[in-house]
Amino acid sequence: MLSAELNTTLQGIAQKLDPESEKGKALSHFLDKGFPTSKWEEWKYTSLKDFNGIDRNWFPKGNSNLPVSADWAELIIRSSDAYLSIEKPSSNEGMEVLSFDEFIQKCPEFQEIWSDKKPILDQNSLYDLNVALAPQHTVLWIKKDVEISKAILHQYQVNSTEKSSSVQSRLLIYLEEGAKVSLMEQQTSTGSADILSNFVQEIFVSKGAQFTYLKDQDFQQGVSHIDHTFIYQAEGSQVDTFTFSLNASLIRNNLHFYIEGSQVVSNLNGLYVPGENQLMDSHTVVDHRMPHAESNELYKGVLLGNATGVFNGKIFVRQDAQKTNAFQSCRNVLASTRATMNTKPQLEIWADDVKCSHGTTTGQLNEEALFYMRSRGISLPAARTLLLLAFVQEVINKVEHPVLRESLTEKIIAKIQQSVDLSN
Amino acid sequence: MLSIKNLHASIGEKEILRGIDLEVKAGEVHAIMGPNGSGKSTLASVLAGREDYEVTEGTVQFLGKDLLDLAPEARAAEGIFLAFQYPVEIPGVSTTNFLKSAVNEIRKYRGEDPMDAVQFLKMFKEKMAYVNIDQSLLSRALNEGFSGGEKKRNEIFQMAVLDPKLAILDETDSGLDIDALRIVAEGVNKLKSPNNATIVVTHYQRLLDYIVPDYVHVLYKGRIVKSGTKELALELEERGYDWIKSEVDQ
Ligand SMILES: Nc1ncnc2c1ncn2[C@@H]1O[C@H](COP(=O)(O)OP(=O)(O)O)[C@@H](O)[C@H]1O
Ligand SMILES: [Mg+2]
């Protein structure tokens, strides 16, 4: 449970909120539950128990002014400790970046979509914490049939002060019918103190719309990042996500796809490379609520040092979701004998006419292959690097954007090469 | 070039090589024959540096260096090449990328500058001719889904690129039809020079019709029990191994 000090702080915040408001209710839920511990089934390997004892600066001020340069981006937006700035505006009138209140005024019909959403929030007290403490949503709104040909760059930054801090940030993305856009997100941090970064994204993809979302999670050690990405897909839409988890003390990704129309395509790609003293946890949900849709999930992990990895992939095929095709694969390489990986695929199928397959594997690099390579003159570290790179390439190669593909490849090579375990 | 003295090697509690002596000089071709399970692949593996085997006694000198002291990659850089009896699949790494790494790692070891893409292209093209290998095969993941013949041909292509001083061919003939065998053997012969040496490990004498050995050794129960010239191989072809076994087992 929460420590007395933390409890006092949060109660103080609660007193300023209307207990009947959304925020007030959310905070009271959080105060009841606290941070998840390993006793919670969904957090078995990713206990946040210690956070119950850490009082933080709950409203840090955004202060980062890292320079931005990305010729390839149509629009650059930045969330610095949840404070939005537009770093490079776009003249394209087919999209807008605005606050939730402004958005609802301009687009009242969204109210119904918003109140009809049914996310799965079991054992997710951090969502409540986010609702309670986050400033208004930043809304990215792409209008009907608008196709943004260059990508949008979102720089998500958390910045530490002397004291432990916590950043609660919310992003809402609304693609109207037939819209098409790619969002590239760089998640980074500055400073070296301990930060809890808690980021909620709610994405509504209307009929026939197409959305690509790439996350490059590259924080400093000391950051614990909890990511909630909930994607609601209407008929005939396609969403491709790419989640690259490169650095942080702890990353927990809750990626949910709610398939709410037929002919939907959902592609989930993920790659995590945790190293020394890092934990990376991917909890994915693909909820087939409507028939004739397909989902493909390809996750890979390379675990270095004493890293811990977690993959929990849930696929629900509801009774109405006949003719569903759902595919899931999670493959991991333990590049060190000190690393551990916990995998759990979970399929729950209530429809009878469906095709589902899943497979998870965790293994070491093949010793025979390593000897073969060494016998041709390739040193052990180089041989390991080559095999690991070949392993991760499958996911990286799916990224269409050449600049991002290269920068990800370089960062991953550097991280693998740095790993001390390669040479022994 | 290579001097093996009283070499003993075991795996676990089991002694497999039980006192091998062998001298190989530059320009020579040695054939090592012997029944299945006699230790031929073990000898080849120990020379290449496979760590599963423990050398319990004896010495191996290669060009004046203590070979047993070197890591497998250092042996390769010093000029040893083992063509595997069972080449290993390297998922996701093409032959060309694999060889670029190998060549440049070896050059680094020798203190030479790395080769660039243009130089590689030229070199690969030249060496492809040795074994009639196709570009498409070289772009595929190494050995993955290769036929037996493609694997062996690829081994000889790698040998051509790495240009070793001592090549050890472990049952390079096994699983090959007669045409593939001829191509592989021709490749090996073209690579032969007065400065390098070859050890051909084989179970049958068939390959020796194409790669003519200067010396033939028979390995049995971890020892070289008979040495001779190529006539010995012909005799083995005719009479089998039983007469040698019974001579030794007496
Ligand atoms: N990795 C191993 N583990 C246990 N026994 C082995 C291993 N490798 C080889 N041996 C044994 O050593 C002996 C020699 O094997 P090998 O060198 O492969 O013979 P050859 O190549 O002459 O057929 C055989 O009895 C074989 O079973
Ligand atoms: Mg053998």
Side-chain angles (χ1 to χ4, degrees), chain A residues 269 271 273 298-302 329-335 337 359 361-399 405-406 408-410 412-414 416-417 421-424, chain B residues 44-53 70-95 97-110 112 114 140-144 151 154-155 157-159 161-164 167-168 170:
Chain A
N269 304 286
L271 177 65
V273 192
L298 172 69
Y299 268 65
K300 283 192 161 185
V302 170
S329 151
C330 173
R331 294 169 60 204
N332 303 285
V333 176
L334 300 175
T337 50
T361 57
T362 299
Q364 262 118 26
L365 288 178
N366 183 343
E367 287 295 329
E368 287 294 308
L370 288 172
F371 175 65
Y372 182 77
M373 297 171 88
R374 294 177 77 188
S375 81
R376 303 290 142 96
I378 302 175
S379 66
L380 188 54
R384 286 193 170 134
T385 307
L386 212 54
L387 288 180
L388 291 174
L389 275 181
F391 177 75
V392 299
Q393 211 65 49
E394 188 187 356
V395 183
I396 298 176
N397 282 348
K398 289 186 182 255
V399 176
R405 195 173 54 231
E406 268 169 43
L408 284 163
T409 306
E410 274 169 27
I412 291 169
I413 295 180
I416 289 173
Q417 280 176 338
D421 298 287
L422 288 178
S423 30
N424 49 47
Chain B
S45 295
V46 167
L47 293 177
R50 188 187 284 272
E51 282 155 355
D52 306 346
Y53 301 96
L70 300 176
E73 54 269 36
R75 299 182 194 200
E78 293 289 345
I80 297 229
F81 180 92
L82 169 62
F84 280 49
Q85 181 170 3
Y86 305 106
V88 185
E89 293 184 2
I90 309 293
V93 183
S94 66
T95 305
N97 270 347
F98 178 84
L99 281 174
K100 283 178 186 172
S101 296
V103 167
N104 278 340
E105 288 263 312
I106 289 174
R107 293 177 71 90
K108 190 165 91 189
Y109 179 96
R110 295 178 182 162
E112 297 165 359
R140 280 168 50 189
L142 178 51
N143 291 326
E144 222 175 29
K151 284 182 185 167
N154 192 289
E155 291 288 283
F157 172 68
Q158 292 184 44
M159 173 177 154
V161 168
L162 297 175
D163 191 22
I168 305 162
D170 190 4

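Values below: every heavy atom of this structure, side chains too, minus hydrogens, waters and symmetry copies. In what follows, chains carry the letters A, B, and so on, assigned in the order in which the sequence lines appear, proteins first and then strands, with residues in each chain numbered from 1.
The part of B/N143 that comes within reach of chain A is its side chain, from C-beta onward, which places non-hydrogen atoms under 4.5 angstrom from that chain. Of the two parts of B/P164, neither the backbone nor the side chain holds a non-hydrogen atom closer than 4.5 Å to a non-hydrogen atom of chain A. There is no contact between B/E78 and chain A, counting heavy-atom distances below 4.5 Å. Looking at B/L142, the atoms closer than 4.5 Å to chain A (heavy atoms on both sides) all sit in the side chain, from C-beta outward.
One distance of note links CD of A/E368 with CG of B/D52; it measures 7.0 Å at 0.5 Å rounding. To the nearest 0.5 Å, the span separating CD1 on B/I106 from CD1 on A/I378 amounts to 8.5 Å. Interatomic distance, CZ of A/R376 versus OG of B/S101, reported as 13.5 Å (0.5 Å rounding). Atom CD1 of B/I90 and atom CG of A/L386 lie 8.5 Å apart (nearest 0.5 Å).
A/Q393 meets the side chain to side chain donor-acceptor pair (under 3.5 Å) test with A/N397; sequence neighbours excluded. Applying the ring pair (Phe, Tyr, Trp, His ring centres under 6.0 Å) criterion to A/Y372, with sequence neighbours excluded, gives B/F84, B/F98.
Looking at A/R374 and B/E105, their side chains never come closer than 4.5 Å, going by heavy atoms from C-beta outward.
Checked for salt-bridge contact, A/E367 and B/R50 miss the test: no charged N lies under 4.0 Å from a carboxylate O.
Between A/F371 and B/G49, the shortest heavy-atom distance links the atoms CE1-C, 3.5 Å. For the residue pair B/A76 and A/S375, the shortest heavy atom distance occurs at CB-O, 3.4 Å. Contact record, A/A390 with B/P91: CB-O, 3.5 Å, taken as the closest heavy-atom pair.
In terms of heavy-atom pairs under 4.5 angstrom with chain A, the leader among B/P72, B/A71, B/A102 is B/P72.
Shown here is B/K100, whose NZ atom has more than 12 heavy atoms of other residues, nucleotides or ligands within 6.0 Å. No more than 12 heavy atoms of other residues, nucleotides or ligands shown are found within 6.0 angstrom of OH on B/Y86.
If you check the side chains of A/S379 and B/E73, you find no donor sitting under 3.5 Å from an acceptor.
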